[in-house]
Amino acid sequence: MASANNALRVFFILTVVCAARAAPAPAGAAKATGGAGEAFDITKLGATNDGKTDSTKALQDAWTSACRVTGRATVLIPKGDYLVGPLNFSGPCKAAITIQLDGTLLGSNDLAKYKASWIEVSHVENIVITGPGTLDGQGTAVYPKSKTADYKALPNTLVLFYVTNATISGIRLLNAKFFHISIDTSKDITVKDVSITAPADVENTDGVHVGASSKVSITNATIGTGDDCVSIGPGSSGVTVTGITCGPGQGISVGCLGRYKDEKDVTDVTVKDCVLKRTTNGVRIKSYEDAESVLTASHLTFENIKMEEVANPIIIDQYYCPQKVCPGKRSNSSNVSVKDVTFRNITGTSSTPEAISLICSDAQPCSGVQLVDVNVEYAGKNNKTMAVCSNAKGTAKGSLEALACLV
Ligand SMILES: *[C@@H]1O[C@H](CO)[C@@H](O)[C@H](O)[C@H]1NC(C)=O
Ligand SMILES: *[C@@H]1O[C@H](CO)[C@@H](O)[C@H](O)[C@H]1NC(C)=O
Ligand SMILES: *[C@@H]1O[C@H](CO)[C@@H](O)[C@H](O)[C@H]1NC(C)=O
Ligand SMILES: *[C@@H]1O[C@H](CO)[C@@H](O)[C@H](O)[C@H]1NC(C)=O
Ligand SMILES: *[C@@H]1O[C@H](CO)[C@@H](O)[C@H](O)[C@H]1NC(C)=O
Ligand SMILES: *[C@@H]1O[C@H](CO)[C@@H](O)[C@H](O)[C@H]1NC(C)=O
Ligand SMILES: *[C@@H]1O[C@H](CO)[C@@H](O)[C@H](O)[C@H]1NC(C)=O
């Protein structure tokens, strides 16, 4: 990504927790046609499967060759461990490329080599990344020692940037240094049957982040990291998240919204048939109290969600202010509006009494919020399940009485 994005990224890391948007870059992608596939096996291009010898050049060469083929082409990564640094899989390509990942790619820990990402696919149309193999970011060796450490920006594992029509399936992602998968300024993207694992105590290891993208489907995935399992940032529309088992982690979120100038609306997001296990949050929408841009998050549906001892199962927070540096703006935080949000058939347990927290702004109340069959109960003894709400307008039915806090 562009260096402007690096600047954003550094700032973002220091302030932690929300996803930076990529700097705009010109679009451009080629049309691919069908036909016979040609395979580029990295072991025939000089890659060594010992997990120690740098095989970056073999992979980069395989991509370059595949990208020039007309019709279909495959980059084949056979079984074995391959140590690789940053890979720039940029298009436009003539071919519809499949990256067949049978082996394991190990992300080099020589941080000086990286810009913003490890494997970046950009300006490409029609690509499949599939196989039983693993993208191992090897983050454990470079994770910051403390949350306040003034550390260098770390690379995301797999980034799609200006990509149209991509499928990522079957693969396993492990210990990304930063986000595992980032879908940025892309459309018609499917992520399915993947598993994503990173330590529970390392932030910014989001499973899948979607930003400025449309028609994205994330389905049948097991995700456990130290940050959001799935996060859906500004400018996203037509996103469906189904069949996710999430935990540990911070849950599934829409946001953060309003962090930067010129952010676009988020609309038509469906999160369905998911299980959250001991996550800090369940499903949440968060926008900055001091939002820098004016936008709307609307038509968001969270349905058939099972909570298992989730600390904060249902959250809308229009006063998100992680650094606590939003003095005096509180009563004016009206830049991000949240409307038409449905929580339907959400069951299970909360590990704190506060099962629902809908904190909307005075200046811009949340509207059209529906709680339908929401029955999440505090798992502990002594205290009663409760909801804390302000300025949340809408209707509730079939839900636990203590949770029906809408006005
Ligand atoms: C990737 O390669 C393309 C084309 O060669 C170039 O324009 C782009 O700047 C490169 N990106 C990175 C992150 O190095
Ligand atoms: C999307 O990509 C796949 C695989 O490369 C290809 O078979 C399919 O035809 C593409 N779909 C469209 C609409 O171009
Ligand atoms: C879900 O993904 C797993 C791999 O993570 C796969 O084994 C399983 O077949 C998939 N299930 C469906 C219904 O596709
Ligand atoms: C709301 O956004 C506008 C830009 O669109 C900005 O000028 C203004 O400062 C923002 N409001 C707050 C409270 O940050
Ligand atoms: C409610 O969601 C659960 C999954 O959490 C699902 O098994 C059940 O069928 C759903 N009920 C309805 C009425 O859709
Ligand atoms: C909040 O808005 C009111 C007018 O709506 C304005 O008078 C006041 O200065 C604003 N406060 C801040 C801290 O921006
Ligand atoms: C539970 O209730 C007790 C008083 O009955 C209170 O002291 C305690 O802080 C409550 N726990 C939580 C997690 O709210």
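In each ligand, atom 1 is the first atom listed, and ligand 1 is the first ligand listed. Bear in mind the structure is a predicted one, so any value in this text is a computation, not a measurement.
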Which residue and non-hydrogen atom of the protein lie closest to atom 5 (O) of ligand 3, and at what distance in Å?
Asp193 O, 3.4 Å
Closest protein heavy atom to atom 1 (C) of ligand 5, given as residue, atom name and distance to 0.1 Å:
Asn345 ND2, 1.4 Å
Look at the rings of Tyr320 and Tyr288 and say which category their plane angle falls in: under 30° parallel, 30 to 60° tilted, over 60° perpendicular.
perpendicular
Could you check if a side-chain atom of His180 sits within less than 4.5 angstrom of a side-chain atom of Leu158, using non-hydrogen atoms only?
no
Hey, does Glu120 come in under 3.5 Å of ligand 1, counting only N/O atoms on both sides?
no
Which of the numbered atoms in ligand 1 are under 4.0 angstrom from any heavy atom belonging to Asn88?
1 (C), 2 (O), 3 (C), 8 (C), 10 (C), 11 (N), 12 (C), 14 (O)
Whether the side chain of Ser293 engages the backbone of Tyr260 through a donor-acceptor N/O pair (distance < 3.5 Å, no angle test) should be reported.
yes
Short N/O distance, under 3.5 Å, between Thr347 and ligand 5?
no
Side chain to side chain donor-acceptor pair (under 3.5 Å) with Thr219: which of Asp273, Asp193, Thr242?
Thr242
Where is the tightest heavy-atom contact between Val275 and Glu308, given as atom of each residue plus distance?
CG1-OE2, 3.7 Å
Check whether any side-chain heavy atom of Gln60 sits under 4.5 Å from a side-chain heavy atom of Leu87, and report yes or no.
yes
Report yes if some heavy atom in the side chain of Asp136 is under 4.5 Å from a heavy atom in the side chain of Asn175; otherwise report no.
yes
Ligand-side contact atoms (ligand 1) for residue partner Ser90, heavy atom cut-off under 4.0 Å:
1 (C), 2 (O), 3 (C), 4 (C)
Within 4.0 Å of atom 9 (O) of ligand 5 (strictly less), any protein heavy atom?
no
Looking at atom 4 (C) of ligand 5, what's its closest protein heavy atom, distance included?
Asn304 O, 4.1 Å
Closest non-hydrogen protein atom to atom 13 (C) of ligand 3, residue and atom name please, with distance?
Asn220 ND2, 4.5 Å
